[in-house]
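Keep in mind it's a predicted model, so treat the numbers as computed, not measured. Basis for what follows: all heavy atoms, side chains included, without hydrogens, waters or symmetry-related copies.
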Amino acid sequence: MSTLQTLDRGLEAMDIVSRRTGGISPAALADELGVHRAGAYRILATPEQRHLVTKGEDGRYRLGSGALVVAGRFMSQYRSAAQPVVRDLADRTGHTAFVAIADREESVAIAVAEPSTRGPIGVSYRVGTRHPLEHGADGLAILALRPEAPDDIEAVRTARERGFGLSRGEIQPGTAGLAVATGAASDTDVESSIGLITLGHPDDLDVERLLPLLHESRERIARLY
């Protein structure tokens with residue numbers, strides 16, 4: 001499929017700007033894009049008009065307020081698209097299902113569904129629930145996809161070896177969680193995971209039966225990026 005070179009160059013510039021915490025000068029951007037400085041100014045003009053980038057007093061360009069608006073809309077659309085996948089997973093497994101994303105060093109639940117048919121006792125897991133990445137199957141799955149680090153805890157190393165995160169009562173006492181990461185840990189992907197939470201001990205989870213269903217749901221979620 002052919003692409004629009006001008007649009008592609010503008011998106012590349014936006015990506016470069018987003019990676020520079022301290023902002024980037026037009027000259028430095030021109031070098032990275034392989035264009036003249038005047039070309040860099042022209043490329044920045046359109047996103048600047050739409051407040052996607054802004055020029056600071058130091059002459060450097062940073063993401064503007066428009067980028068925050070787009071990011072908020074993305075999350076709303078992503079949550080809406082993920083919800084049917086989560087609901088289907090909950091119904092097929094009989095366990096509460098969820099999608100969580102990494103927000104710095106915390107995991108945040110953005111889509112949650114309980115099985116349509118459930119017993120008198122179940123697990124209630126609310127959208128917006130957050131906890132440290134190291135304290136739940138969802139966070140462990142996300143951390144396991146990141147590059148190995150000397151300070152990785154044992155649970156992360158185990159999750160990396162297994163290909164899934166497993167937790168016991170870290171988020172809610174008396175519960176067990178199982179989760180798999182839904183995307184590669186890169187600078188352009190949302191770090192997220194899809195998982196299940198149920199009452200009981202991790203040994204009560206039929207991992208052999210549940211993993212194929214989680215992997216299938218993971219592929220559906222990955223197509224939403």
Side-chain angles (χ1 to χ4, degrees), residues 79 82-83 85-119 121-186 189-222 224-225:
R79 180 184 296 112
Q83 191 63 40
V85 180
V86 174
R87 180 162 300 283
D88 180 60
L89 179 63
D91 288 340
R92 295 175 68 186
T93 62
H95 302 304
T96 298
F98 62 90
V99 168
I101 64 170
D103 180 12
R104 297 186 181 181
E105 295 307 311
E106 291 187 316
S107 176
V108 185
I110 64 166
V112 178
E114 297 181 21
S116 298
T117 56
R118 50 172 284 185
I121 300 177
V123 177
S124 179
Y125 197 52
R126 296 183 299 176
V127 169
T129 298
R130 62 172 60 226
H131 58 82
L133 288 172
E134 295 181 345
H135 292 175
D138 48 337
L140 294 175
I142 291 171
L143 290 173
L145 219 58
R146 293 181 180 179
E148 292 185 34
D151 58 348
D152 283 339
I153 63 173
E154 185 61 33
V156 172
R157 296 192 182 96
T158 300
R160 189 174 289 123
E161 293 174 0
R162 292 173 169 174
F164 61 86
L166 194 64
S167 62
R168 175 186 180 183
E170 285 91 346
I171 311 305
Q172 294 186 27
T175 63
L178 173 69
V180 294
T182 59
S186 73
D189 285 339
V190 176
E191 290 186 299
S192 61
S193 62
I194 184 166
L196 300 165
I197 184 170
T198 187
L199 290 173
H201 188 276
D203 292 342
D204 298 327
L205 286 168
D206 188 349
V207 175
E208 186 174 347
R209 178 182 73 87
L210 296 174
L211 270 182
L213 297 176
L214 275 172
H215 288 156
E216 180 183 328
S217 298
R218 174 181 64 184
E219 295 304 315
R220 294 171 63 186
I221 291 292
L224 301 178
Y225 296 134

Using a strict threshold of under 4.0 Å (side-chain N to carboxylate O), is an ion pair present between Glu148 and Arg157?
no
How far does CG of Leu211 sit from CG of Leu205, to the nearest 0.5 angstrom?
10.0 Å
Distance col, row Leu199:CG vs Thr175:OG1, nearest 0.5 angstrom, shows 7.5 Å
Would you check if there is a donor-acceptor pair between the side chains of Ser193 and Thr182 at a distance under 3.5 Å?
no
Working to the nearest 0.5 angstrom, can you tell me the gap between Glu191 CD and Leu143 CG?
8.0 Å
Please report the interatomic distance CG(Leu133) to CD1(Ile153), rounded to the nearest 0.5 Å.
10.0 Å
In this structure, which one of Leu178, Thr158, Leu210 forms a side chain to side chain contact (heavy atoms under 4.5 Å, CB included) with Phe164?
Leu178
Could you walk me through whether Leu89 and Ile194 satisfy the side-chain contact (heavy atoms from CB on, under 4.5 Å) test, starting with their C-alpha distance in whole Å, then the side-chain angles of each, then the deciding distance to 0.1 Å, before giving a yes or no?
CA-CA 10 Å; Leu89 179 63; Ile194 184 166; 3.8 Å; yes
What distance do Asp152 atom CG and Glu134 atom CD have between them, rounded to the nearest 0.5 Å?
8.0 Å
Closest heavy-atom pair, Arg92 versus Arg209, reported as atoms and distance to 0.1 Å, is O-NH1, 3.9 Å
State whether the number of non-hydrogen atoms from other residues, nucleotides or ligands found under 6.0 Å of Glu154 atom CD is greater than 12.
yes
So among Leu214, Thr198, Leu213, which one has a side chain to side chain contact (heavy atoms under 4.5 Å, CB included) with Thr93?
Leu213
Atom pair NE2/OG of His131 and Ser167 - distance to nearest 0.5 Å
7.5 Å
So, are Arg87 and Asp91 salt-bridged, with charged N and O less than 4.0 Å apart?
no
For a quick test of your reading: what N or O donor-acceptor pairs under 3.5 Å do the side chains of residues 97-110 make, sequence neighbours left out?
| from | atom 1 | to | atom 2 | distance (Å) |
| --- | --- | --- | --- | --- |
| Asp103 | OD2 | Arg130 | NH1 | 3.2 |
| Asp103 | OD2 | Arg130 | NH2 | 3.3 |
| Glu106 | OE1 | Arg130 | NH1 | 2.6 |
| Ser107 | OG | Asp138 | OD2 | 2.7 |

When every non-hydrogen atom of Ala90 is compared with those of Ala113, the smallest separation belongs to CB-O, 3.5 Å
Carboxylate-amine/guanidinium proximity below 4.0 Å for Arg220 and Asp88
yes
So does Val112 get a backbone contact from the side chain of Gln83, meaning a donor-acceptor N/O pair under 3.5 Å?
yes
